[in-house]
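Step one of this worksheet: look at the structure below.
Count residues from 1 along the sequence. Worth knowing before you read on, the calculation uses all heavy atoms, side chains too, and leaves out hydrogens, waters and symmetry mates.
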Amino acid sequence: QVQLVESGGGSVQTGGSLRLSCIVSGYPYNCYIMGWFRQAPGKEREGVAAYDCDGDTSYADSVKGRFTISKDNDKNTLYLQMNSLQPEDTAMYYCAADHNRVLDLFRRDGGNWAKYWGQGTQVTVSL
């Protein structure tokens with residue numbers, strides 16, 4: 001059974017930083033794509049960043065230069081380092097995993113069809 005467990009959310013002021021973690025267990029294959037998605041109240045889920053089997057990454061334009069996605073394969077953990085946080089970054093953040101897909105497609109559209117999801121962790125950025 002595949003499980004994804006996120007942690008690291010919280011409340012920060014504008015300009016602050018947070019690091020999200022997502023521990024993966026039970027995935028039946030060594031190669032899989034992962035990503036971070038977020039959903040704010042009243043808005044659609046959007047892809048923030050993705051990381052594929054080759055270690056390539058994809059970012060939404062709104063977070064480029066501020067967020068960094070990375071993965072520790074020994075720990076089966078996906079990270080999202082978020083710097084220079086803004087109030088518009090406030091959302092529930094989810095990690096997701098699927099069999100390896102086209103990177104940008106997964107990041108853009110995976111919020112609608114990714115196979116495995118964590119429970120989410122809340123990020124709140126105040127002025």
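Between Cys22 atom SG and Tyr51 atom OH the span is 14.0 Å, to the nearest 0.5 Å. Once rounded to the nearest 0.5 Å, the distance linking CZ of Arg101 with CE of Met34 reads 14.5 Å. With rounding to the nearest 0.5 Å, the separation of CD in Gln81 from OG in Ser70 is 8.0 Å.
Each of Asp72, Thr68, Ile69 was compared with Tyr79 under the side chain to side chain contact (heavy atoms under 4.5 Å, CB included) criterion, and only Asp72 meets it.
A donor-acceptor pair is defined here as one N or O able to donate and one able to accept, closer than 3.5 Å; such a pair exists between the side chain of Thr77 and the backbone of Lys75. A distance-only check finds no donor-acceptor pair linking the side chain of Glu6 to the backbone of Leu20 [under 3.5 Å].
For Ser7, the side chain to side chain contact (heavy atoms under 4.5 Å, CB included) partners two or more places apart in sequence, or in a different chain, are Ser21. Listed by chain and number, the residues in a side chain to side chain contact (heavy atoms under 4.5 Å, CB included) with Asp54 are Asp52, Asp56 (sequence neighbours excluded). Annotation: salt bridge (Lys or Arg N to Asp or Glu O under 4.0 Å) contacts of Arg38 (sequence neighbours excluded): Glu46, Asp89.
Between Gly47 and Ala60, the shortest heavy-atom contact is O-CB, 3.4 Å. Scanning all heavy atoms of the two residues, the minimum distance from Ala97 to Leu4 falls at N-CD2, 3.8 Å.
Heavy-atom contacts from other residues, nucleotides or ligands closer than 6.0 Å to CD of Glu88 number more than 12.
Side-chain contact check for Leu85 versus Leu18: some heavy-atom pair is nearer than 4.5 Å. At a threshold of 4.5 Å between non-hydrogen side-chain atoms, the residues Arg107 and Trp36 do not count as touching.
Linking Ile, Leu, Val, Met, Phe, Trp and Tyr residues whenever their side-chain heavy atoms come within less than 4.5 Å places Leu78 and Val2 in a single cluster.
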Before you tell me yes or no, could you show the steps for Leu80 and Phe67 under side chain to side chain contact (heavy atoms under 4.5 Å, CB included), namely the whole-Å CA-CA distance, both residues' side-chain angles and the distance that decides it to 0.1 Å?
CA-CA 7 Å; Leu80 185 68; Phe67 291 11; 4.1 Å; yes

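Listed by first and then second residue, the ring-ring contact (aromatic ring centres under 6.0 Å, His included) pairs involving residues 7-35 are Tyr27-Tyr32, Tyr27-His99, Tyr27-Tyr116, Tyr29-His99 (not counting sequence neighbours).
Taking Ile, Leu, Val, Met, Phe, Trp and Tyr as hydrophobic and joining them when side-chain heavy atoms fall under 4.5 Å apart, one finds Phe37 in a cluster with Ile33, Met92, Tyr94, Val102, Leu103, Leu105, Phe106, Trp113, Trp117.
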Got a list of side-chain donor-acceptor pairs under 3.5 Å for residues 120-127, not counting sequence neighbours?
| residue | atom | partner | partner atom | Å |
| --- | --- | --- | --- | --- |
| Thr121 | OG1 | Gly9 | N | 3.1 |
| Gln122 | NE2 | Ala91 | O | 3.4 |
| Gln122 | NE2 | Thr124 | OG1 | 3.4 |
| Ser126 | OG | Val12 | O | 3.4 |

